Protein chains: 2
Amino acid sequence: MTASGSPAPMPEERRAQVVELLRRRGPVRVADLAQALDVSAITIRRDIALLASQGLIRRVRGGAMPPAVAPAQDHGAAPADEPAPRATAEQSAGAPRRLTVGMVVPSLDYYWPEVIRGVREAAAATGIKIVLRGATYQAADERRQLSELMDSAGVDGLLVAPTTTGDDGEELMSWLRQAPVPVVLIERAAATGAHDAMESVVSDHTLGAAMAVRHLAVLGHRRIGVITTLHSPTTPHIRRGWSHACTELGLEPDAAPDVTTVDQRDPAWPAELDRILAACRQTGTTALLVHSDPEAISLVERCRERGLRVPADLAVVTYDDEVAELCDPPLTAVRPPRRSIGRAAFTLLAERLTDPDPCRPTHHVVIEPRLIVRSSSS
Amino acid sequence: MTASGSPAPMPEERRAQVVELLRRRGPVRVADLAQALDVSAITIRRDIALLASQGLIRRVRGGAMPPAVAPAQDHGAAPADEPAPRATAEQSAGAPRRLTVGMVVPSLDYYWPEVIRGVREAAAATGIKIVLRGATYQAADERRQLSELMDSAGVDGLLVAPTTTGDDGEELMSWLRQAPVPVVLIERAAATGAHDAMESVVSDHTLGAAMAVRHLAVLGHRRIGVITTLHSPTTPHIRRGWSHACTELGLEPDAAPDVTTVDQRDPAWPAELDRILAACRQTGTTALLVHSDPEAISLVERCRERGLRVPADLAVVTYDDEVAELCDPPLTAVRPPRRSIGRAAFTLLAERLTDPDPCRPTHHVVIEPRLIVRSSSS
DNA sequence: ATCCTATCGATCGAAGGTGATCGAAGTTGA
DNA sequence: TCAACTTCGATCACCTTCGATCGATAGGAT
């Protein structure tokens, strides 16, 4: 019943799908694969032969199975005519090759340094090497970085925070899904319940936003607005948490400003800012949850210029806590667990790389943020 | 509808199942294996001979037994002649006291043994000791076990699969929330987004149920029913996954049986069973997702009594895969990642216990199940 | 346009896997 | 010890799967 929509599954792509299917479903028969991928059995056999010669899968009569972990005892006469490079790399007795992990993040100057620190910290205890690349929130760019990492550095696994939006984003994700090495997504994941073959480590931004709203509600605020940035992948989660918490607490989310706008470097920002503050005054909004510190700081400064006291007239909670304490007054902030995210992502990948079980199921890790209360609220 | 009735597992796969069965159920007779795997006795004998020659099992007259020196689980690379020097006092050179972890599970004879095995496996590498208590799906009982563990055994952390329903359940949860030692919940967690101070490791049952539905839909089934057990904490997740997948695939969940009922030991079960089968016939339902193996097996047997062929007239997928392969025909099953759950839960708790950061944020781990395709579908 | 290369699918002989039968060997109980 | 029973192993027939060769098709370069 595979819908007739697949135009041209490239050979390479199909083989990657074979490996993927095998990893997810365990032993697979030739006939099943042929039906699933809509090619003839002979083609599948050729694929299996090729992949088996690369050690990516194990060929058996009738189909394929996940690569064997050396059977308990091969009595000298091991069928070791095939080196099987990648699959058994870490367990080759004597000289275990040093594992290398590639990491690609969208930026090296905001949010991500702390994540990288977490990764490095976790990696330090192991012998695993980290190769880092920073891209620039451009899917095409990241794709290039990844390709280079795969080809030249020969990494054994990837930690990636990909750009998922746009056509390039779609393509990047499907490239990652079929990558020949394990991939752990950082701060990106498909919606819960969807089957996404890739493992992931994410902050619970939804909870983080809800925590901020509850904090403000406890302080007596009844009109709490939210300001988020247009192009951030975090935005939908924050808005969801905000709206959930508002309805749960009996506040009216519709009555308060609810703006998704350009970021603070955009020429249109100052005008937006004034619009936001005007809306606050108009609706009687006394508290704002602002996504990302620079925007929040800029907003607080504008408040001061206009004689609005923070927090007396307008309480502000910022989302990110990168530079929130540098503001005057220091900003209450939701701090995503950046360092823990990094640590957990590395740990997850390392476990997959060293786990001898070829059918190890896909893990997802969710980590809760913290609310750091400073003077911009309360 | 259900196309060819040739499930035909591959030889290698079947041999792997023999080893697996042997590991799970101890000594097995040839006839039992032949029936369970749906091949003739002579084939089983040949398999046993081959596996025995590889040292994976021990051949005895009439059947097979686990090898004298158990190969260290999936970690096949353990040489059989080395008794695994596992008692190495790991990283903490200055650890003053041996850490102890308490574990309480609702039952010791279904589902949980494999989870416990995972915990033990993960614990073996560390110096941490596990103290196990089994309760009986009674919150009060579990509360007693926990108190005793805390007081007498002096544990440093808890792995708990609490009963969350009823007043006792509520109280138990709040007791756990305030426990003086870290707690990791196993297969239990508050709904996503809610702030639950406790860490958790859960199977993605929602995804598992959706996988089953998708599998059946691919085989051409359009009316897919779901049967779940009244008092199981898994039930809501399975039903959610089922209904999501149905709507996503354009099936009509309302048109098929959707029963949450007593379990198979209840006196009312046989009558329920007949009602379910009648409903299937009435609505033209050709496939069922049945929660928990015993219920599914009982259902398949009733089908046989009434002349309904499985899978030709009714395809069945069971949820749990504890004993699904022992049915005739062997049942296609969703297998929650029990062992991985155990491993991850222990790892999470151990990390918390050894992490010097007192503000380590709350982690949640979600692990995807696997679909094991056997003959009761397809 | 033509050649070249890569990939796919079909056919057919070869090889492996399975099951039935039957005689041999082991087990149990008297 | 013998007899009844079960289990095991060898052989053969049948079926599935595999591998090699050949022809067909598509895309790219000259």
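A, B, ... follow the sequence lines: proteins, then strands. Residue 1 opens every chain. As the structure is a prediction and not an experimental result, all values here were calculated from the model.
In this structure, B/Leu50 places its CG atom 14 Å from P of C/dG16, rounding to the nearest Å. Computed from coordinates, the A/Leu33 CG to C/dC8 C1' distance equals 16 Å when rounded to whole Å. One interatomic measurement links the two molecules: CZ of B/Arg45 to C1' of D/dG9, which rounds to 9 Å at whole-angstrom precision.
Overall, the helix from C/dA1-D/dT30 to C/dA30-D/dT1 carries an axis bend of 30° between its ends, with five pairs at each end and the value rounded to 10°.
Within 6.0 Å of CZ in B/Arg306 there are more than 12 heavy atoms belonging to other residues, nucleotides or ligands.
With contacts defined as side-chain heavy-atom distances shorter than 4.5 Å, the pair A/Arg14/A/Thr43 qualifies. In this structure, the side chains of A/Leu185 and A/Pro162 come closer than 4.5 Å at one or more pairs of heavy atoms.
Of the listed residues (B/Arg338, B/Arg374, B/Arg339), just one forms a salt bridge (Lys or Arg N to Asp or Glu O under 4.0 Å) with B/Asp321, and that residue is B/Arg374.
Taking the charged nitrogens against the carboxylate oxygens, A/Glu351 and B/Arg343 have no contact shorter than 4.0 Å, which rules out a salt bridge. A salt bridge between B/Glu114 and B/Arg117 is present, with a side-chain N of the basic residue lying under 4.0 Å from a carboxylate O of the acidic one.
Between the side chains of B/His215 and B/Ser377, a donor-acceptor pair is found at a separation under 3.5 Å.
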Under 4.0 Å protein heavy-atom contacts per nucleotide of nucleotides 18-29 of chain C, with B for base, S for backbone only and - for none: BB-----BSS--
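With hydrogens and angles ignored, the 3.5 Å screen pairs a side-chain donor or acceptor of B/Asp293 with a backbone N or O of B/Ala324.
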